[in-house]
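Single-structure report; data block below.
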Amino acid sequence: MSTTSPSRWKTVRSETSRALTALVIALAVALVVILLTSADPGAAFQTLLTAPLSSNRTMGLWIDDVAKLTLTGLAFSLVFQARQFSMGVQGQVYMGGLFAALIAMSPIGATPLAIPVAMLAAMCAGAVYGFIPGYAKARFGASEIVSSLMLNYIAILVVNYLIRAHLAPAGTGQLMTAKFPDTAIFPAILPGTRFDLGIIIALVSTFAVWFLLYRTSWGLKLRLVGHNPKFAEYAGIRSSFIMVSAMTVAGAFGGLLGSVFVQGRAFGNLAQNFDGNLAFEGILIAIVARSRPLAVPIVALAYGYLRQGAQLMGIRTDVPTEMISVVQAIIILLVASSFSLPGKKDLRAPHGPEACQCRYAGGRKMIELLLTVFSATFFVTVVRTTTPLLFAALGGLISDLSGALNVALEGMMLIAALTAVIVSVYAPWYVAVLSGVAAGAMLGALMAFFHLRLKADIILVGFAVNILATGGTVFALSRATGGDKGTSINLPSKAVPGVDLSFLEAIPAAGPTLKSLLSGHSILSWLGVFMVFAVWYFLFRTPYGLWLRGVGEYPAAPEAAGIPVAKVRAWSLVASGALAGIGGAQLAMFNYIGFTRDMTAGRGFIALGAVLLGARHPVGAMLAALLFGIFEALAIVMPNLFNWIPGEMIQTIPFVVTVLALILFSYRAQRALKTRAQART
């Protein structure tokens with residue numbers, strides 16, 4: 001006992017010191033950014049540090065953020081404790097918010113039971129949505145990272161559609177429901193502010209999660225599975241059950257957060273995109289708190305203050321609110337250097353796709369669809385949609401084969417896209433593309449530095465890059481356009497030229513068809529086809545490719561042979577970023593001419609699914625990217641043919657296909673492994 005207590009306090013002091021150091025460094029970087037971008041940096045920085053305490057109203061805003069950040073931090077902490085890295089909290093929040101709103105808008109909403117029943121319904125909805133990726137992982141081996149991210153996009157699109165088409169007051173054009181009855185809205189603790197029941201719910205939830213983890217047999221089993229799964233299996237603990245139950249319980253808290261959003265005094269209704277990405281920020285809370293429930297509200301208190309200060313700074317000064325994403329990414333990168341997510345080898349199991357079936361109105365529409373699918377125009381659209389996915393998938397493949405799973409493909413593509421657009425205003429198109437490639441490569445080098453030199457977890461570093469990209473691109477866009485945060489429409493950016501193959505028309509009989517199929521594609525699309533075979537040749541016909549594959553499969557052997565394992569992984573991440581950068585440039589300079597906020601729209605994560613689906617082979621990755629490109633092209637052409645199908649439902653097609661793909665091919669891979677094992681015996 002005498003040695004345990006000092007050791008525990010030493011750990012607490014060490015982790016507190018690390019978190020405070022990260023916060024100070026992040027604030028220093030924020031100060032530099034403010035100095036470079038603000039006309040009055042002193043006032044802007046003062047607003048950042050003092051605005052949340054300036055009035056009862058702003059204090060209420062701060063406490064409201066703290067309550068929500070605490071709940072999302074608890075949800076992420078639970079899955080981290082179970083050795084999982086599910087990213088589905090955002091989708092659980094949307095489903096929870098939807099079901100809480102349905103209860104509030106029902107006859108129950110006008111009764112005293114409105115608040116507890118709505119909260120219970122939200123928790124059940126979130127639990128079901130958390131169960132799905134957990135069961136898919138336990139039963140079929142499907143990556144919970146990719147499946148949960150796809151489920152997020154599906155939930156957001158479905159909820160936004162229901163609000164627009166069914167729940168919003170008819171004829172108003174509003175993208176939100178009517179105000180809930182007062183009996184369904186949380187009472188205010190401090191009148192006239194957002195200081196409401198949400199903070200009490202967050203504190204009670206903190207104690208509940210702590211009790212579950214440290215005072216129940218289920219919590220003991222969960223922590224055993226998280227710390228030492230082999231020992232847990234030896235002790236007779238069913239790891240798969242613990243994993244699924246942990247993700248289900250975490251989903252319940254995610255759903256509860258949805259209830260806190262829509263029933264809190266900040267809303268009191270259900271609106272489109274109501275979470276403002278706050279649900280995703282629980283990653284930072286869980287990391288800094290080391291997934292310890294009692295530390296989560298403390299971290300949320302500090303980060304919520306900084307977050308609210310940044311929002312008020314964006315309102316009161318000339319510094320965009322998105323600057324806070326830079327601070328958040330830096331904190332994750334610095335704190336993650338000793339935070340590990342074990343069990344990432346589980347992500348290296350094969351995964352893959354299945355087609356989504358949709359119902360169409362009448363045979364004539366089906367014929368129109370078939371005519372569209374088998375047309376040259378549709379083929380051109382498929383090539384256009386596949387090219388960014390292909391480059392990102394090849395980049396993800398190279399890093400994955402080296403043992404470094406690159407979940408930052410989304411962020412790399414996004415930053416490369418904006419870089420290419422801005423540079424194209426002042427330089428030729430090829431210089432702009434190369435600048436996008438360089439931006440992606442630099443992000444790969446940044447990941448390599450934090451992962452290999454500072455020993456930060458590769459997945460956490462990847463998501464820090466994604467967070468940096470999400471807010472950083474908006475921040476940079478506003479600087480480049482003079483304040484526009486949505487699009488670069490005011491920038492005279494250039495496009496990547498298409499390859500003119502009109503000479504094919506002279507070929508007898510087949511000439512016109514060949515011209516319509518092959519002419520006009522982006523130079524980068526042709527480069528993508530070449531890169532598939534270039535990557536294949538590198539991986540399987542050169543000694544360096546053998547090094548890379550050896551480092552990923554069994555690093556101890558190459559290291560014993562004198563192969564620099566760290567350098568191989570570092571260069572694989574740089575190459576991965578460069579290839580993702582080409583995909584981002586194609587997206588912004590050919591698919592769309594210009595940059596739009598969050599324009600990658602999940603393509604980086606779909607590309608990661610293509611890597612897993614393609615059996616970690618360049619040709620397989622190309623075929624998987626082509627499959628996803630076909631379904632994305634269908635999502636583009638279907639609204640013109642089936643205008644009775646809601647646009648949001650059509651947009652879910654690529655994400656639904658990705659989830660089904662992972663489940664189907666993971667299941668087939670598991671069966672193949674069992675068959676081979678039985679053959680050996």
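Atoms considered below: every heavy atom in the structure, side chains included; atoms not considered: hydrogens, waters and symmetry mates.
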Are any side-chain N or O atoms of [X] and backbone N or O atoms of [Y], one a donor and one an acceptor, separated by less than 3.5 Å?
X: K494; Y: W429; answer: no
X: N152; Y: M87; answer: yes
X: Y129; Y: L151; answer: yes
X: D400; Y: V611; answer: no
X: Q90; Y: A279; answer: no
X: T386; Y: V383; answer: no
X: N406; Y: S576; answer: no
X: Q92; Y: G88; answer: yes
X: T600; Y: R603; answer: no

Measure across [X] and [Y] and return the closest heavy-atom pair with its distance rounded to 0.1 Å.
X: S240; Y: A138; value: CB-CB, 3.9 Å
X: V89; Y: G254; value: CG1-CA, 4.5 Å
X: L548; Y: L539; value: CD2-CD2, 4.0 Å
X: L587; Y: P388; value: CD1-CG, 4.0 Å
X: A575; Y: I398; value: CB-CG2, 4.4 Å
X: G411; Y: L443; value: O-CD1, 4.3 Å

Please report the interatomic distance [atom1]([X]) to [atom2]([Y]), rounded to the nearest 0.5 Å.
X: S572; Y: K567; atom1: OG; atom2: NZ; result: 14.5 Å
X: M599; Y: M413; atom1: CE; atom2: CE; result: 9.0 Å
X: T419; Y: L434; atom1: OG1; atom2: CG; result: 12.5 Å
X: L623; Y: L390; atom1: CG; atom2: CG; result: 10.0 Å
X: H451; Y: L405; atom1: NE2; atom2: CG; result: 10.0 Å
X: L389; Y: Q586; atom1: CG; atom2: CD; result: 10.5 Å

Discussion item. With a 6.0 Å cut-off (strictly less than), is the heavy-atom count around CZ of F503, excluding the residue itself, greater than 12?
Written reply: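 Enclosed.
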Discussion item. Within the 3.5 Å criterion, strictly below it, is a donor on Q81 or S291 matched to an acceptor on the partner's side chain?
Written reply: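 No, S291 and Q81 have no side-chain donor paired with an acceptor closer than 3.5 Å.
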Worksheet item: If we ignore angles and hydrogens, is there a donor and acceptor under 3.5 Å between the side chains of S519 and S502?
Response: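 Not at all, the side chains of S519 and S502 share no donor-acceptor pair under 3.5 Å.
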Worksheet item: Any idea how F540 and H617 line up, ring-wise: parallel (<30°), tilted (30 to 60°), or perpendicular (>60°)?
Response: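 F540 vs H617 ring planes: parallel.
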Practice prompt. For the pair F140 and Y135, name the ring-plane relationship: parallel under 30°, tilted 30 to 60°, perpendicular over 60°.
Written response: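 Answer is perpendicular, since the angle exceeds 60°.
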If we only count heavy atoms from C-beta on, is the [X] to [Y] side-chain gap below 4.5 Å?
X: T387; Y: S522; value: no
X: S493; Y: M589; value: no
X: H521; Y: V499; value: no
X: Y94; Y: V158; value: no
X: F595; Y: T473; value: yes
X: M243; Y: R238; value: no
X: M247; Y: P133; value: yes
X: L608; Y: E410; value: no

Worksheet item: Taking it one step at a time, do M150 and I606 satisfy side chain to side chain contact (heavy atoms under 4.5 Å, CB included)?
Response: CA-CA 8 Å; M150 297 300 102; I606 293 177; 3.9 Å; yes
Worksheet item: Stepwise, does the ring pair (Phe, Tyr, Trp, His ring centres under 6.0 Å) test hold for W536 with F533?
Response: CA-CA 5 Å; W536 171 85; F533 296 99; 7.5 Å; no
Discussion item. Under the criterion side chain to side chain contact (heavy atoms under 4.5 Å, CB included), I'd like the reasoning laid out for W526 against L518: C-alpha separation, chi angles, the key distance, then a yes or no.
Written reply: CA-CA 10 Å; W526 290 102; L518 300 179; 4.3 Å; yes
Worksheet entry | Given V465, V461, L460, N466, the one that forms side chain to side chain contact (heavy atoms under 4.5 Å, CB included) with F463 |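 That would be N466; it is the only one of V465, V461, L460, N466 passing the side chain to side chain contact (heavy atoms under 4.5 Å, CB included) with F463.
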Item to complete: With sequence neighbours excluded, give me every salt bridge (charged side-chain N to carboxylate O under 4.0 Å, His left out) pair touching residues 572-599.
Response: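 Pairs touching residues 572-599 that pass the test: E322-R597.
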Practice prompt. Evaluate the side chain to side chain contact (heavy atoms under 4.5 Å, CB included) criterion for residues I287 and F80: first the C-alpha distance (whole Å), next the side-chain angles of each, then the deciding distance (0.1 Å), finally the verdict.
Written response: CA-CA 9 Å; I287 292 171; F80 288 178; 4.3 Å; yes
